[in-house]
Structures are given as structure tokens and as C-alpha cells.
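Because the structure is a prediction, the values reported are computed rather than measured.
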2 protein chains.
Amino acid sequence: MARPRTFDEERALEAAMRAFWAVGYEATTTEDLCAATGLGRSSVYNTFRSKRELFEKALAHYMEVRTAAVLDLLGSDLPTREKIRALLWQTVDADPDDPDGCLVVNTMVEVAPRDPKIAECLRRDHDRRLEALRRAFLAGQRAGEIDGDRNPDDLACFVIATITGMRVLVRGGADRAAVEAVANTALRAF
Amino acid sequence: MARPRTFDEERALEAAMRAFWAVGYEATTTEDLCAATGLGRSSVYNTFRSKRELFEKALAHYMEVRTAAVLDLLGSDLPTREKIRALLWQTVDADPDDPDGCLVVNTMVEVAPRDPKIAECLRRDHDRRLEALRRAFLAGQRAGEIDGDRNPDDLACFVIATITGMRVLVRGGADRAAVEAVANTALRAF
DNA sequence: CTCATTTTGAACAGATCTATCCAAAAGTCA
DNA sequence: TGACTTTTGGATAGATCTGTTCAAAATGAG
């Protein structure tokens with residue numbers, strides 16, 4: 001009954017996400033977003049309403065995909081230590097086609113402190129990953145792989161902090177050996 | 001022989017530094033900088049030439065002060081593990097009057113990937129802290145406090161990554177208990 | 001084919017941001 | 001006091017950025 005779109009909204013969202021990821025929220029202009037998505041301004045604004053809403057959607061998309069992968073991994077039947085090792089290695093062996101670092105980390109640094117709504121989105125995502133990690137450590141303790149005296153919540157926080165630190169180092173241009181050293185050292189903390 | 005300034009350049013730099021620290025480079029406007037320093041636009045531009053150069057000076061000032069404190073601590077005669085504990089506690093017990101997080105970390109995330117000059121400044125600062133940590137771990141190994149089989153460089157990288165991760169968590173609004181848990185867990189990695 | 005509806009491109013409006021300009025104010029030194 | 005120099009505030013220039021408008025193009029339904 002009407003003219004159909006010539007683009008795939010999901011692909012456009014993915015492209016916008018990568019632009020924000022690479023350059024940051026403030027430094028990404030609406031023209032950058034047009035170039036990245038291949039759309040005109042009208043299409044961008046028709047589809048996503050504003051730069052701000054597009055960013056929210058892009059961030060939500062990022063968290064959905066990435067956190068799902070983390071939950072999958074942590075829900076697998078690997079030994080707990082192997083789960084954590086694989087998790088850390090996601091950062092050591094990051095896809096070279098992806099921008100450096102992590103959109104969640106970048107957003108926590110750049111946007112969250114002055115934007116309560118974004119901060120709340122990040123907090124919810126953080127809690128999901130924290131809970132999955134906690135469960136993994138608890139399972140590891142029940143299986144006798146992890147020292148039962150440790151607090152699973154503390155270990156979960158530690159893993160998240162370690163990955164966050166690695167992501168920042170990578171974004172700062174650290175070489176692979178340094179990132180690998182961090183991961184291997186962290187694995188000895190529990 | 002001419003009219004003297006009514007302000008202290010160092011204090012103005014400090015105020016600008018805190019503005020960039022709190023809000024980020026892009027989101028800090030020149031008007032924010034005037035408000036933070038208490039200077040007019042003319043004075044700001046007369047003294048610091050541009051927003052960009054002011055930022056470079058502010059970042060350099062931050063690194064000078066903070067890294068000096070780190071080097072002092074690591075050069076003290078505390079046992080190595082106590083040095084590291086004190087270092088981690090600088091983040092756990094951050095001054096409540098300071099903005100959340102760390103200007104170096106924020107800059108590594110927001111600015112470094114698209115600004116080689118800034119990235120180089122950060123790299124030099126990074127190397128100084130890394131080297132001081134490496135020496136501390138080496139001394140700890142010679143004193144028999146730290147396992148001699150570990151690679152001091154790896155341990156130094158790990159400590160930096162841990163602190164970086166903690167800084168980001170704090171900036172994201174993490175509560176003190178979580179940050180403390182990260183620090184205590186990290187101390188068990190070596 | 002024709003009508004109704006949506007998409008699309010290009011121009012444009014309005015706000016904001018960085019930086020400059022210029023004259024008045026203020027201090028120093030003779 | 002008076003000449004000289006720098007600072008300072010306010011206005012403004014020029015660029016850039018977000019978001020809107022509008023008419024033409026495109027497409028499916030009847």
C-alpha cells in the first residue's frame with residue numbers, strides 16, 4: 001500500500017552502533033551516522049527520531065548481542081575456570097573488524113555520569129552479567145573447582161573489573177602480549 | 001610595566017582540568033571552561049590559546065601530579081604488597097571532592113583513539129607507571145615477598161588494568177563495597 | 001492505470017560552539 | 001601624573017551541528 005524501505009533497519013542500527021563505538025557519542029555527528037548507515041538524513045530521522053534515540057537503540061543492541069554471548073558461555077557446561085578463561089579471551093582475541101574497546105565501557109566513561117537514563121541501562125546490563133558470573137562461581141564452588149571460602153559476588157566483580165580494564169588498555173593501543181598477561185594473571189586470583 | 005593578571009594560571013588550569021575530568025573533552029564547552037576557571041573568554045584564549053591546548057595542559061598537569069604520587073608511593077620502603085595495596089586503595093578511597101573516575105582513563109577511552117598526539121602523551125605516562133611497578137615487583141622478588149617465577153612486567157600490567165577497571169566502575173556509579181572487593185581479590189593474584 | 005501512502009534527497013532553519021576583535025579598564029614605571 | 005602595555009568584557013564572526021520541511025520519486029492496492 002506504500003513505498004517500502006530500501007534498507008534493512010537492523011543493518012542500519014548495526015552500522016550506527018559501530019560508528020558510536022569507534023568515535024564516541026559526542027564526536028559522532030549525524031552526518032557520520034548517515035555515512036555509516038548509507039541512509040539520508042530523512043531516513044535516519046524518520047526511523048530513529050533523533051541522534052539520542054538512535055544511540056540508545058544502538059547501545060541496547062550492543063548489550064543484547066554481547067551479553068547474550070556472555071550468558072551463553074557462562075551457562076555452558078565447561079569447568080568454571082575455563083568459562084572465565086574463555087570470557088577473558090574474548091577481549092584478548094577481539095575481532096579485528098570491530099572497533100577497539102567496548103561500547104559499554106566507553107559509554108560508562110563518556111555518557112553515564114551525566115545521563116541517568118543511560119546509566120540505568122548500563123546498570124541493568126551490568127547486573128545481568130554480574131549475576132551470571134556469580135552463578136558460575138557458585139557452581140564452581142559446589143563442584144569443588146573454586147575455593148568455597150571466597151565470596152562469589154566479589155569474584156564476579158573482579159572479573160568484570162578485569163575485563164573492563166583490558167578493554168580500556170586495548171582502546172589505548174596496548175599490544176596483545178600485555179592484554180594476555182593481564183588475563184593470565186587475573187586467572188590466578190581465585 | 002603592564003597590567004598584571006588578577007588570576008593564578010595554575011589555579012585556572014586546575015579548574016579546567018576538573019571540568020574536563022568531570023564532563024569529558026567533547027562535552028565541555030568553552031563557556032564551561034570560563035565558568036569553571038572564573039575567567040572571561042579573552043583571558044582563557046590569551047592564556048591557553050585554544051580549547052585543545054588547554055586540554056593538553058590540563059591532562060599533562062593531571063598526569064604530573066597523579067603519577068608523581070604513584071612514583072612516590074612505589075619508591076617508598078613499604079613491603080611490595082603494601083605498596084600495591086595502598087595504590088589500589090587510592091581508588092577505593094578516592095577524594096569525594098574529585099570527579100568520579102580518572103582523567104587518564106577517560107581520555108584513553110574518549111580521545112586517544114582519534115588523536116595520536118594525545119595517545120602518545122598517555123603512552124608515555126603509562127610507561128612511567130609501568131616501569132615503577134615493574135621495579136617494585138622486582139624488589140619484592142629479591143626480598144622474597146613475591147614469587148620469583150612471576151614476570152614483573154605481567155604483574156605490573158595486571159595492576160594497571162585492575163586500577164583502570166576500578167576507575168571505570170566508580171565512574172559508572174559502583175558502590176564502594178564492589179570496588180573494595182575488586183581490590184582485595186586482585187591482591188591475591190600474586 | 002490511478003490513487004494513496006511512504007520514502008528519499010536536498011535545501012534550509014535555528015541553535016550552539018570555537019575563536020577573534022576591539023575598545024575600555026587597569027596597573028607599572030618613569 | 002602620564003605614557004605604555006597588558007588584561008578584560010562584550011560583541012561578533014564563522015563554522016558546525018541537530019533537526020525540520022517540502023516536493024519529487026517510488027511502490028503497492030484497487
* To do: Using a cut-off of strictly less than 4.0 Å between a heavy atom of the residue and any atom of DNA chain D, enumerate the qualifying residues of residues 34-48 of chain A by number.
  =>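 Those residues whose heavy atoms fall under 4.0 Å from DNA chain D, taken from residues 34-48 of chain A in numerical order, are A:Arg41, A:Ser42, A:Tyr45.
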
Closest approach of [X] and [Y], non-hydrogen atoms and distance?
| X | Y | value |
| --- | --- | --- |
| B:Gly140 | B:Thr80 | CA-OG1, 3.1 Å |
| B:Leu39 | B:Ala12 | CD1-CB, 4.1 Å |
| B:Leu88 | B:Met166 | O-CE, 3.6 Å |

* To do: Mind jotting down which residue pairs meet the side-chain hydrogen bond (donor to acceptor under 3.5 Å, both in side chains) criterion with at least one end in residues 178-190 of chain A? Sequence neighbours excluded, please.
  =>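 For residues 178-190 of chain A: A:Arg176-A:Glu180.
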
* **side-chain hydrogen bond (donor to acceptor under 3.5 Å, both in side chains) pairs, two or more places apart, involving residues 34-48 of chain B** =>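 Those involving residues 34-48 of chain B are B:Thr30-B:Arg41.
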
* Asked: Is A:Thr30 touching bases, backbone alone, or none of the nucleic acid, heavy atoms closer than 4.0 Å?
  ->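 Base, at least one base heavy atom under 4.0 Å.
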
* Asked: Pick the nucleotide of DNA chain C nearest each of B:Glu26 and B:Pro4; which residue has the one closer to the 5' end?
  -> B:Glu26

* All side chain to side chain contact (heavy atoms under 4.5 Å, CB included) counterparts of A:Asp153, not counting sequence neighbours ->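 For A:Asp153, the residues satisfying side chain to side chain contact (heavy atoms under 4.5 Å, CB included) (neighbours in sequence not counted) are A:Leu130, A:Arg134, A:Asn151.
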
* Is there a donor on the side chain of B:Arg3 or the base of D:dT6 sitting less than 3.5 Å from an acceptor on the other? ->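 No, no donor-acceptor pair under 3.5 Å.
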
Take the protein atom [atom1] of [X] and the nucleotide atom [atom2] of [N], then report the distance between them rounded to whole Å.
| X | N | atom1 | atom2 | result |
| --- | --- | --- | --- | --- |
| B:Glu9 | D:dT6 | CD | P | 16 Å |
| A:Lys51 | D:dT20 | NZ | P | 15 Å |
| A:Glu31 | C:dA10 | CD | C1' | 13 Å |
| B:Leu54 | C:dT18 | CG | P | 11 Å |
| B:Leu33 | C:dC17 | CG | P | 12 Å |
| A:Arg5 | D:dG28 | CZ | P | 15 Å |
| B:Arg49 | C:dT18 | CZ | C1' | 14 Å |
| B:Asp8 | D:dT7 | CG | P | 14 Å |

* Return each pair, listed once, that meets salt bridge (charged side-chain N to carboxylate O under 4.0 Å, His left out) where at least one residue sits in residues 94-116 of chain A; pairs must be two or more places apart or across chains. => A:Arg18-A:Asp98, A:Glu26-A:Arg114, A:Arg52-A:Asp115, A:Arg66-A:Asp98

* Asked: CG of A:Asp77 to NZ of A:Lys83: how many Å apart, nearest 0.5 Å?
  ->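 With rounding to 0.5 Å, CG (A:Asp77) is 7.5 Å from NZ (A:Lys83).
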
* side-chain N/O B:Thr6 vs D:dT8 OP1/OP2, d < 4.0 Å -> yes

* **Student check: side-chain heavy atoms of B:Glu131 and B:Arg128 closer than 4.5 Å** => no

* Structure fact -> Here the residues of residues 13-22 of chain B within 4.0 Å heavy-atom distance, strictly under, of DNA chain C are none

